[in-house]
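Quick note: residue numbers are just sequence positions, from 1. Please read all numbers here as calculations on a predicted model, not as lab measurements.
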Amino acid sequence: MPTLSSLPSRLPTFRILVLGLLVGLLTAGLGLAPASADGTEQIPEEAGAPDGKTIVFGIPGLTINDIDRERTPHLFRLLSEGAAANLNVRTIGSATCPASGWLSFGAGARAEAGPSPAAEAADEEDTARCPTMIAPTTDLDGDAPDSDEGAAEPTDEDETGEKSDETHAQGSAAGATTARIEGFDAVKEPNIGSGYSVDYGMLARAVAEYGQDASEGKMARQEGRGLESCVAAEGPGAAYAAADEHGVVANYADDAIATDCRLGLVDLGAIGIRSWLFNPIPSYSYTVPSDFDREDRVAEADRRLGDRLQEVQENAKEGAGEPTIIVAGLGDSSGLPQLRAFIAAGPGFEPGSLSSTTTRTPGLLQLTDLAPGILDLLDVPAPGAVGFEQTPTEDDPQQRIDDLVADAQKSTTIYEHLSTFSVTLDIVFYSLFLACALLLSRSVLGRRGGATLAPLVHRFLGWASLAIATLPMGAFLAGLLPWSRMSQPDLGLLLSVLGTAAAQFALALIPPWGRTWRGRVGALTLTNLLVLSIDLATGSHLQANSLLGYNPIVGGRYYGLGNQGAAIFIVSLFVFLGFVISWLRTRGHRRAVIVLPVVVGLLAVFVSGNPSWGAKFGGTIAILAGLMVLLALLTKVRLSILRLGLIGLASLTVLIGIAFLDWLRAPGARSHFGTFFDQIVTGEALQVIGRKLGANLHIIQINPALAIVTPLAVIAVLFFLRYLLHLPRVSADSRTGRLVNKWRGKLPQVFTDADLHFGFLAAATGLGVGLVLTDSGVAVPSTGAMVLLPYLLALSAEHAEDTVAPSETGTDAEEVRP
């Protein structure tokens, strides 16, 4: 009996092509098609042995870290012979129940399976969080479909208008029968109004339609090679994946491997804790002892897998091609989401890692990639043209496991500590805001001794702000260090962030730029621009798994420029341009004052907007809008509401044009730009926009402190730091006069340089546009403010000696500006 490693891996493709060409030329020359004895048209059968089957074994909760040479020998052997990847299984909620994982797998789209578990309400001691999967019934007599339209278009109907059992049997493959999931409307209910389009049973339908097309002569007929073009489902999870919108499973079997379907889906059960899953391994009866630990459950799953792999070999047709075996962890094992395991072994799979065009990251797939990727393996047209991409390696299996586990551990650690890091930044920002108010208020530092205290406090805050300004980029640069391989990854993450931030701080102090506050801040902004640009051009590895980037567990984005990265990029770009323009103007380079920001700004637009680099739609519009505002200020064009609106419209037009060009590429090669344009064409854009607005509201709900950062930054930057300087003089005895004079003239000295002021205004414009146009856009101005305000305080330290209170010097603040 053939084994996985000994069977031939491919059909004799060259001979098939030659024979097909000869037959095609002959029939074309004679104007005939091959016919049977009774004159009916026949489809030419390909020469060669029958193809091997493709079997997908679903084990929700399985991770790469569960695979061990001794404890899970069958999983280890499959990984040794084939390719593997970490699998993002996020659907709609933060954690994915097995039912939702199977449903999303079959639809090739994010979906959530209901009904909501009622066990907690019925039994206070039962804390299960996942719904029980409904096993399909094969007794269809008297059953009515969940919808008025019926489960399928009947061909042979009884008096009730439903298919007879005989008709059902004729429509199913040998060894399978038609079944229905009762109450499937309740299963679909959570997806109504979710903002996602769910094509239930897309995988099974695509394979079946391929067979129908083949029977019409459009494709080579798979049945002629020993297998039928169908999908056999075994177990409740597999039934969820194969069911159509009415809950009908065309080929349900007690043993999917024994059927003649090309593709088999087998539910081996879920690895999980009983307090979260209703139906975890180890027993088919799902009776789980309370002391049953995870390692025993994983070992049980591996034993089941080994039994079924033996069955695959025993059921292989004589001389048939090697089967393709896929194992996928289609769901989470508890309320803490993690990356799960994906393994593929068989023809075409070499030892190495897998990725897809949607992740562009070796060793990483997402749940919605699986159905299109499997269809591609079967040579069946797949929606989106998404296929598996392999990166072969010579590393031994254990090294490959260690690498994938390190990547998964990085994602988990980032996911667990993201909230802590965000709250820490919030607290730092609020502290800086209060410090800003302290420096502005004459009533605090203008008292006795203020002439000596104010400069000291000012310089101290300048150094503190310079150090704080390095933290956001430190969150990205931490990805250069292998902290996830430490015995305590969370400690490794902390040390990596602080270490890389300290390195930036030291870099800012190196002469000659380190002699002035402008030089120090300029060094930081230039470092940010270079690091982000180089990272985006080389695959955005620092953006992924970053505290201020995107996380593979969340699955909102896998490559390109994230929201927080875009905010830092925008602020750094325009503050740096402000420095450079000011330097050029003082040296009399009037033409370069306009040419240089145009060149640098367009390069930044290219980095952000290039579909292969930044692929940031809203962020690129924000950069364009900020650049146009900067150029208008430099050329002394008076800005009005109408002109600002025209600037925004022009920026949007440019990006729509780029999105159209990206849309012209093959679906599998498109970036976020082309995908968005396709949503406009298909009419899904409004649905997507609504989902993005909901994401913004969700951020405000779960992190209101972050949302408050934006209005506080507006007050600090646009009110305290600049515009109160220009308030009209009023009587000092009036209430308004006392209020105004209390806040006048402490930090605005930094804006006596008009070019630097223009750079800050351009940055503020970019952050404002990013708020409106980017996904989860509230994070853009909030993160940008956490960089912009430290820069302002650090720059203001240049004027520390000019902050002496008028009560001490007898001089008005307006007269002490340099």
Side-chain angles (χ1 to χ4, degrees), residues 4 53-68 71-79 82 84 87 89 96-106 113 130 132-136 203 231-242 249 252-259 261 263-274 276-288 292 294-315 323-333 340-346 367 370 374:
L4 276 173
K53 299 184 63 152
T54 298
I55 309 294
V56 178
F57 294 100
I59 310 176
L62 181 70
T63 68
I64 295 293
N65 195 37
D66 291 325
I67 301 175
D68 179 79
R71 188 173 63 254
T72 59
H74 303 100
L75 286 168
F76 187 87
R77 179 173 63 87
L78 286 176
L79 187 144
L87 178 66
V89 296
T96 300
C97 289
S100 300
W102 278 105
L103 195 68
S104 300
F105 164 59
C130 285
T132 303
M133 281 189 282
I134 306 171
L203 174 62
V231 176
E234 174 189 337
Y240 272 48
V249 184
Y252 187 72
D254 293 332
D255 187 352
I257 297 173
T259 68
C261 288
L263 177 62
L265 309 179
V266 180
D267 180 4
L268 288 182
I271 298 170
I273 60 175
R274 191 178 185 184
W276 198 70
L277 299 179
F278 277 105
N279 302 334
I281 284 176
S283 66
Y284 288 100
S285 64
Y286 300 122
T287 302
V288 185
F292 209 92
R294 181 180 180 84
E295 289 190 0
D296 289 337
R297 300 184 190 188
V298 172
E300 170 65 18
D302 185 76
R303 186 192 65 76
R304 291 190 195 180
L305 176 64
D307 293 342
R308 305 313 301 276
L309 291 178
Q310 180 65 32
E311 184 183 350
V312 170
Q313 296 178 5
E314 293 172 353
N315 282 278
T324 297
I325 303 299
I326 293 174
V327 178
L330 300 175
D332 287 310
S333 60
R340 301 299 164 181
F342 182 86
I343 306 172
L367 182 60
L370 303 191
I374 291 171

| task | Rounded to the nearest 0.5 Å, what's the gap from CD1 on Ile374 to CZ on Phe105? Could you check? | result | 4.0 Å

| message | Going by the rule side-chain contact (heavy atoms from CB on, under 4.5 Å), which residues pair with Ser104 if we only count those two or more places apart in sequence or in a different chain? | response | Thr91, Ala111, Leu367

| query | Say you draw a straight line from CG of Leu330 to CZ of Arg340; how long is it, rounded to the nearest 0.5 Å? | reply | 11.0 Å

| field | From Ile325, Leu87, Leu75, Ile326, residue fulfilling side chain to side chain contact (heavy atoms under 4.5 Å, CB included) relative to Ile343 | value | Leu75

| query | Among Val327, Leu263, Val266, which one satisfies side chain to side chain contact (heavy atoms under 4.5 Å, CB included) with Val56? | reply | Leu263

| Atom CG of Leu78 and atom CD1 of Ile67: how far apart are they, to the nearest 0.5 Å? | 8.5 Å

| task | Before accepting this row, confirm whether a basic side-chain N of the pair Asp296/Arg303 lies closer than 4.0 Å to the acidic partner's carboxylate O. | result | no

| task | Measure the CG-CG distance between Asp302 and Asp307 for me, rounded to the nearest 0.5 Å. | result | 9.5 Å

| message | Show the nearest heavy-atom pair for residues Ser333 and Arg294, with the distance to one decimal. | response | OG-NH1, 3.4 Å

| remark: Shortest non-hydrogen pair, Phe342 vs Ala328, comes out as CD1-CB, 3.9 Å

| Got a donor-acceptor contact below 3.5 angstrom from the Thr96 side chain to the Asp332 backbone? | no

| field | Residues in side-chain contact (heavy atoms from CB on, under 4.5 Å) contact with Asp254, at least two apart in sequence or another chain | value | none

| message | If I compare all heavy atoms of Pro60 with all of Trp102, which pair ends up nearest, and what's the gap? | response | CG-NE1, 3.9 Å

| remark: Smallest heavy-atom separation, Leu309 atom then Arg77 atom, equals CD1-NH2, 3.7 Å

| Between Asp267 and Pro236, is any pair of side-chain heavy atoms under 4.5 Å apart? | yes

| message | Testing the basics here: between Leu277 and Ala270, what is the closest heavy-atom pair and its distance to 0.1 Å? | response | CD1-CB, 3.8 Å

| Distance (rounded to the nearest 0.5 Å) between Asp66 CG and Ile59 CD1 | 9.5 Å

| remark: Closest non-hydrogen atoms of Ala239 and Tyr252, given as atom of the first, atom of the second and distance, are CB-CE1, 3.9 Å

| request: Only counting residues at least two apart or in another chain, list the ones meeting side-chain contact (heavy atoms from CB on, under 4.5 Å) with Thr259. | output: Lys53, Ala176, Ala232, Ala253, Cys261

| said: Are Asp68 and Glu295 packed together at the side-chain level, in the sense that at least one heavy-atom pair is separated by less than 4.5 angstrom? | reply: no

| Hey, what do you get for CG (Leu265) to CD1 (Ile257), rounding to the nearest 0.5 Å? | 11.0 Å

| request: For residues Tyr240 and Ile134, determine if any side-chain heavy atom of one lies less than 4.5 Å from a side-chain heavy atom of the other. | output: yes

